[in-house]
Participant: 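Pasting in a structure now, in structure tokens, and then I'll have a few things to ask.
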Amino acid sequence: MKSISNWLFATGLLAAVMAGPALAQDAKTQSLVDDRGVKVEIPGHPTRVAGISYLAADVALALGIKPVATTYMVAGREPDFLLGLTKDMKQIGQRAKPNLELLSETKPDLIVAMRRYTVGNADRFQAIAPYVAYNMELLSESYKEVAELAKVLGKPERGQQLNDTFKQHLAEFGQKAPKDKHPRFLITFGGDDPFAFHTENTAASIVAALGGDNVAGPMTQNGRFGLSLSLETILEKDPEVIFIIDYYPDRSHEKNPIWQQLSAVKNGRVHYVFDQWAETNGPIAREVVLREAAHYLYPDVFPAVDVKAEAAKLIPADLQK
């Protein structure tokens with residue numbers, strides 16, 4: 001009996017020693033520095049992800065993970081670029097005014113948030129779960145955000161693949177775009193005092209990579225990703241193609257007499273686009289925007305886009321059920 005006990009003890013000890021590193025790796029705390037400049041400690045690989053913006057859902061779905069909670073841009077509008085799967089997630093309010101009580105009820109183990117809408121309540125978010133705040137504004141930030149979140153969620157190779165594939169697609173579409181055309185464009189939310197995106201913004205960067213000339217121009221040093229332009233200024237710059245994020249239901253800009261004088265309006269080249277154009281930093285959104293922008297700039301060269309079909313290529317089939 002004693003020999004058997006010794007054998008069992010030795011076998012158990014050996015198993016524990018061999019399993020030790022794996023268990024330690026599984027429970028290892030990860031850390032990253034977010035766009036607040038704060039070092040965030042994240043235990044293990046989170047599975048209950050909540051998003052203040054669509055970035056978390058975009059990245060997680062492309063990795064095969066369905067988040068537990070998300071905000072929305074327009075109440076009741078489930079984005080086609082996410083296949084409407086947000087309907088299965090807890091809705092925690094409009095992205096600019098998330099409901100922290102509803103968020104807490106979902107018991108997330110990671111909160112991925114838009115910095116400008118949440119930094120004022122950072123302590124309250126952090127009290128619920130590890131809280132990562134990103135700017136989610138520029139194309140250069142998109143690559144970092146996708147790579148970091150994929151690593152945190154335990155799929156760094158997939159994150160790298162998503163970034164590499166998009167860079168390849170961006171280059172391919174750019175090569176195919178006509179070289180003798182540089183249509184002036186504007187991306188805006190519309191309204192009485194339209195807010196327009198500078199070229200470094202993710203959606204605008206994509207359109208510019210296709211040969212478009214952004215009338216809002218580049219960012220100033222340490223400036224915001226966009227600016228407000230009067231309709232008089234827009235008329236002076238006279239964009240040939242206008243992308244309006246469909247957000248304000250009254251479309252008050254259309255009632256202004258100046259609006260009717262714009263070349264894009266006269267030529268039927270005003271395109272009302274959806275949430276992926278405002279929140280373009282995720283891997284699904286930027287692929288969809290690339291294809292939509294190419295078609296809207298050069299309809300004779302690039303085909304119209306089935307947004308859901310494009311999204312379905314990036315979201316695993318088992319999540320689409």
Side-chain angles (χ1 to χ4, degrees), residues 25-73 82 86 89-160 162-163 166 201-202 225 275-276 278-286:
Q25 185 175 7
D26 288 343
K28 183 178 179 181
T29 297
Q30 305 179 72
S31 65
L32 60 83
V33 177
D34 69 5
D35 288 339
R36 296 171 295 160
V38 173
K39 185 177 181 180
V40 183
E41 302 289 343
I42 304 168
H45 292 304
T47 57
R48 298 184 60 79
V49 182
I52 314 299
S53 86
Y54 286 133
L55 177 69
D58 194 330
V59 174
L61 289 172
L63 298 178
I65 300 167
K66 185 173 286 188
V68 296
T70 186
T71 53
Y72 52 78
M73 279 193 62
L82 298 175
T86 49
M89 306 169 198
K90 181 78 169 180
Q91 301 290 311
I92 55 175
Q94 210 279 338
R95 65 176 188 165
K97 297 179 180 179
N99 186 312
L100 273 68
E101 290 185 12
L102 294 177
L103 172 62
S104 182
E105 289 173 4
T106 68
K107 302 186 185 312
D109 49 19
L110 176 66
I111 301 168
V112 180
M114 186 172 282
R115 179 178 180 270
R116 64 182 180 272
Y117 292 140
T118 59
V119 68
N121 286 326
D123 291 342
R124 295 182 65 192
F125 284 104
Q126 188 64 41
I128 297 172
Y131 154 73
V132 177
Y134 286 125
N135 293 328
M136 306 182 191
E137 296 167 352
L138 312 182
L139 180 58
S140 58
E141 296 170 341
S142 171
Y143 297 124
K144 172 192 171 187
E145 291 158 2
V146 171
E148 285 190 351
L149 289 177
K151 182 179 179 182
V152 165
L153 296 174
K155 300 190 178 183
E157 296 84 2
R158 176 61 173 157
Q160 187 62 54
L162 290 166
N163 278 340
F166 176 71
N201 165 265
T202 307
F225 67 98
D275 300 347
Q276 63 270 21
E279 299 205 9
T280 317
N281 279 36
I284 304 169
R286 65 194 183 190

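Remember, predicted model here, so these are calculated numbers, not experimental data.
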Participant: Once you round to the nearest 0.5 Å, how far does NE2 of His45 lie from CD1 of Ile65?
Facilitator: 10.0 Å
Participant: Can you tell me how far the NZ atom of Lys66 sits from the CG atom of Leu82, to the nearest 0.5 Å?
Facilitator: 11.5 Å
Participant: Using the rule given for side-chain contact (heavy atoms from CB on, under 4.5 Å), can you reason through Ile42 versus Val132, listing the C-alpha separation, both sets of side-chain angles and the distance that settles it, and then say yes or no?
Facilitator: CA-CA 9 Å; Ile42 304 168; Val132 177; 4.0 Å; yes
Participant: Within a strict 4.5 Å, meaning less than it, do heavy atoms of the Met136 and Val112 side chains meet?
Facilitator: yes
Participant: Does the side chain of Asp109 reach to within under 4.5 Å of the side chain of Pro43, using non-hydrogen atoms?
Facilitator: no
Participant: If you take all heavy atoms of Val40 and Pro130, which pair is closest and at what distance?
Facilitator: CG1-CB, 4.3 Å
Participant: Enter the distance from Arg95:CZ to Met114:CE here, rounded to the nearest 0.5 Å.
Facilitator: 4.5 Å
Participant: Between the main-chain N or O of Thr106 and the side-chain N or O of Lys90, is there a donor-acceptor pair closer than 3.5 Å?
Facilitator: no
Participant: Going by side-chain contact (heavy atoms from CB on, under 4.5 Å), name the residues that satisfy it together with Gln94, two or more places apart in sequence or in a different chain.
Facilitator: Tyr72, Ala96, Tyr247
Participant: Does any pair with a residue in residues 98-127 pass ring-ring contact (aromatic ring centres under 6.0 Å, His included), and if so which ones, sequence neighbours excluded?
Facilitator: Phe125-Tyr131
Participant: Between Pro67 and Met89, which heavy-atom pair has the shortest distance, and what is it?
Facilitator: O-CG, 3.3 Å
Participant: For the pair Arg48 (side chain) and Lys107 (backbone), establish whether a donor and an acceptor sit closer than 3.5 Å, ignoring hydrogens and angles.
Facilitator: yes
Participant: A side-chain contact here means heavy atoms from C-beta on lying under 4.5 Å apart; do Pro283 and Asn163 qualify?
Facilitator: no
Participant: So, does Asn121 use its side chain to make a donor-acceptor pair with the main chain of Arg124 at under 3.5 Å?
Facilitator: no
Participant: Could you tell me which residues satisfy ring pair (Phe, Tyr, Trp, His ring centres under 6.0 Å) with Phe225, sequence neighbours excluded, listed by chain and number?
Facilitator: Phe195, Phe197
Participant: What are the two closest non-hydrogen atoms of Gly159 and Leu63, and how far apart are they?
Facilitator: N-CD2, 4.4 Å
Participant: Using the side chain to side chain contact (heavy atoms under 4.5 Å, CB included) rule, pick out the option among Asp275, Leu61, Thr70 that qualifies with Thr86.
Facilitator: Thr70
Participant: Given side chains that start at C-beta, do those of Asn281 and Tyr134 come closer than 4.5 Å, heavy atoms only?
Facilitator: no
Participant: What is the minimum heavy-atom distance between Thr280 and Arg286, and which atoms define it?
Facilitator: O-CB, 3.3 Å
Participant: Which atom pairs, donor and acceptor, lie under 3.5 Å between side-chain atoms of residues 50-59 and protein residues at least two apart or in another chain?
Facilitator:
from  : atom 1 : to     : atom 2 : distance (Å)
Ser53 : OG     : Leu55  : N      : 3.2
Asp58 : OD1    : Ile284 : N      : 2.8
Asp58 : OD2    : Ala285 : N      : 3.0

Participant: Using side-chain contact (heavy atoms from CB on, under 4.5 Å) as the criterion, list what pairs up with Ser104, not counting sequence neighbours.
Facilitator: Ile128
Participant: Around atom CD of Glu101, are there more than 12 heavy atoms of other residues, nucleotides or ligands at under 6.0 Å?
Facilitator: no
Participant: Output all residues satisfying side-chain contact (heavy atoms from CB on, under 4.5 Å) with Asn135, sequence neighbours left out; order by chain, then residue number.
Facilitator: Asp35, Arg115, Glu137, Glu141
Participant: Working to the nearest 0.5 Å, report the span between CD1 of Ile92 and CG of Asn99.
Facilitator: 8.0 Å
